[in-house]
Amino acid sequence: MLKPSISSVKYVKNSLYLRVKALKMKNSYLILCILLSVMYSSISEAQPYRLSAETKDKIGKLSADGLTFIHKIEEVLNKNEQKLSNKDLTIQNPAVKEVFRQGFRNSTKNVREEAERNICLSCYQVEWESQLQELHLLQSHTPFDRDSLYQRVRDSRILAQEEMAKTKTDDRNPNSKKTQPSINTKKEAEAEVQGYDKLERHLNAMSKVEDFTLFRKLDYNFVISRFSAYLQLTKGMAYLEQKKKGDKIIDKYTPGISTKKNEYLYVTYTVEEHPDRMGAFGEGLTAIKEVEITGDPQLVVNLFTSYWLRTELHSGRKEGLTTAIEKMSDYVELKATGAGGYKITITKSNMDVNYETTFGIHPQIKSKSEQQTK
């Protein structure tokens, strides 16, 4: 029997070694792929809700403006997440409902409803509430588990995905019941517009300023849906906080890029609560009686000239100097105050417009007994 040569033995050993090494590399590669898959799955599960490419395409076809405004909501939430991760407390309120409303303000009711069916607005709202909660915890130096804090955000995203999948299934099912659009003519479209929708169309025609609004005798929640959107989206300001003192609501803003100390804008609303009347977005009316806007003089003057389009300001300046403009029930004044300051006040005008009769807003809420009688 021939003995194998030393070279052949070496060859077999090397061959076996290379095969074992290749097998190990293959197994390592498989393990790596599995780990990456699990890691990607975990990261994906941890992500908050965002529009998919398919949904973006669908919303864009419904309303290009609407899609732009939804992108703004997501952009604000993304920036907030980055800031909070770096312990930066200057986060911004995405004003989800208000921004959505502004994005689809020129759309019909059917288009708005279709958009709402395809966008998880509650997911954005839950994410903002979690961000706000994290902000408060950071401000108070309270220890917390970030993963647990954002569990609701993940849950809302998963639920939204399930709902969207169900909607797609229903759309493909010819036997599923679908609500057919009821608006076929311009006359019918105009007939459906009432209340604050009717007022909103009037405001859009009243001024070329984006998100222009009247203030006095209107629901606070409606007013800020436009005025706050203007300050944040058009003027690039960040919403900082809200304080309530008696019958006053104080909203605080600052420029997105601040160039000096204490560069703030304070909007103080004097309000009156009417729980027995319908507001803009549900039961209960917070009616505005007066408004005062104070803060950095340059911000105040710039707001007056850009929002109310009043540019013929007096060249001189002394305390009490007034420049004013009247808009229906609003008498808007820019006043010079002491120490080089300015303030804007919105009080009763000479024109007392009955918005409730004109636009059909703030109806009385019927009592349970009245509803049962019907």
Side-chain angles (χ1 to χ4, degrees), residues 49 51-52 54-74 94-125 160 163-164 166-168 170-171 176-207 209-214 218-230 233 277-286 355-366 371 374:
Y49 169 83
L51 292 183
S52 66
E54 183 183 351
T55 306
K56 286 179 183 178
D57 183 59
K58 187 178 289 186
I59 299 302
K61 289 176 181 176
L62 289 173
S63 168
D65 285 344
L67 181 60
T68 300
F69 276 67
I70 296 302
H71 281 161
K72 289 179 185 294
I73 294 174
E74 294 191 349
V96 177
K97 291 182 180 179
E98 292 82 359
V99 173
F100 174 83
R101 184 181 177 86
Q102 290 310 303
F104 292 88
R105 63 191 178 281
N106 295 322
S107 302
T108 64
K109 182 181 178 182
N110 284 335
V111 168
R112 288 196 301 272
E113 289 177 350
E114 179 66 18
E116 286 186 60
R117 280 194 292 271
N118 286 276
I119 303 171
C120 183
L121 295 176
S122 62
C123 294
Y124 295 137
Q125 188 60 34
E163 288 295 324
M164 299 298 175
K166 184 177 181 298
T167 301
K168 287 180 184 177
D170 290 343
D171 288 341
S176 64
K177 294 181 179 179
K178 296 181 182 179
T179 304
Q180 297 297 324
S182 60
I183 300 174
N184 298 310
T185 65
K186 184 178 179 181
K187 186 177 180 181
E188 288 174 334
E190 289 174 349
E192 78 151 1
V193 179
Q194 55 186 330
Y196 271 96
D197 286 337
K198 185 177 180 180
L199 171 61
E200 197 158 39
R201 291 198 176 187
H202 178 79
L203 292 171
N204 292 337
M206 185 177 180
S207 174
V209 174
E210 191 79 14
D211 302 313
F212 180 79
T213 187
L214 298 167
L218 297 180
D219 187 357
Y220 164 81
N221 296 296
F222 170 80
V223 169
I224 64 163
S225 77
R226 293 179 70 87
F227 189 56
S228 186
Y230 172 80
L233 302 177
R277 290 188 173 275
M278 289 294 293
F281 307 120
E283 293 187 1
L285 165 66
T286 302
Y355 298 136
E356 295 178 8
T357 302
T358 306
F359 301 105
I361 59 176
H362 311 155
Q364 192 88 23
I365 298 173
K366 293 180 180 178
Q371 292 175 1
K374 266 201 161 186

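Applying the ring pair (Phe, Tyr, Trp, His ring centres under 6.0 Å) test to His71 and every residue at least two apart in sequence or in another chain returns nothing. Residues satisfying the ring pair (Phe, Tyr, Trp, His ring centres under 6.0 Å) test with Tyr355, not counting sequence neighbours, are none. Residues forming a salt bridge (charged side-chain N to carboxylate O under 4.0 Å, His left out) with Asp57 (at least two apart in sequence, or on another chain): Lys61. Contacts of Gln125 classified as side chain to side chain contact (heavy atoms under 4.5 Å, CB included), with partners at least two apart in sequence or in another chain: Val96, Trp128, Glu129. With sequence neighbours excluded, the residues forming a side chain to side chain contact (heavy atoms under 4.5 Å, CB included) with Glu200 are Arg101, Gln102, Arg105, Asp197, Asn204, Phe222, Arg226, listed by chain and number.
A donor-acceptor pair under 3.5 Å is absent between the side-chain atoms of Tyr124 and the main chain of Ile73, judged by distance alone.
No side-chain N or O of Glu114 forms a donor-acceptor pair with one of Asn110 less than 3.5 Å apart.
Here the side chains of Lys97 and Leu121 are not in contact, with every heavy-atom distance at 4.5 Å or above. At least one side-chain heavy atom of Gln364 sits under 4.5 Å from a side-chain heavy atom of Arg277. Put simply, the side chain of Ile361 does not reach to within 4.5 Å of the side chain of Asp219, judged on heavy atoms.
For an aromatic pair to be called close, the ring centres must be under 6.0 Å apart, and Phe212 with His202 fails this.
The list of ring pair (Phe, Tyr, Trp, His ring centres under 6.0 Å) pairs with a residue in residues 96-122, not counting sequence neighbours, reads Phe100-Phe104.
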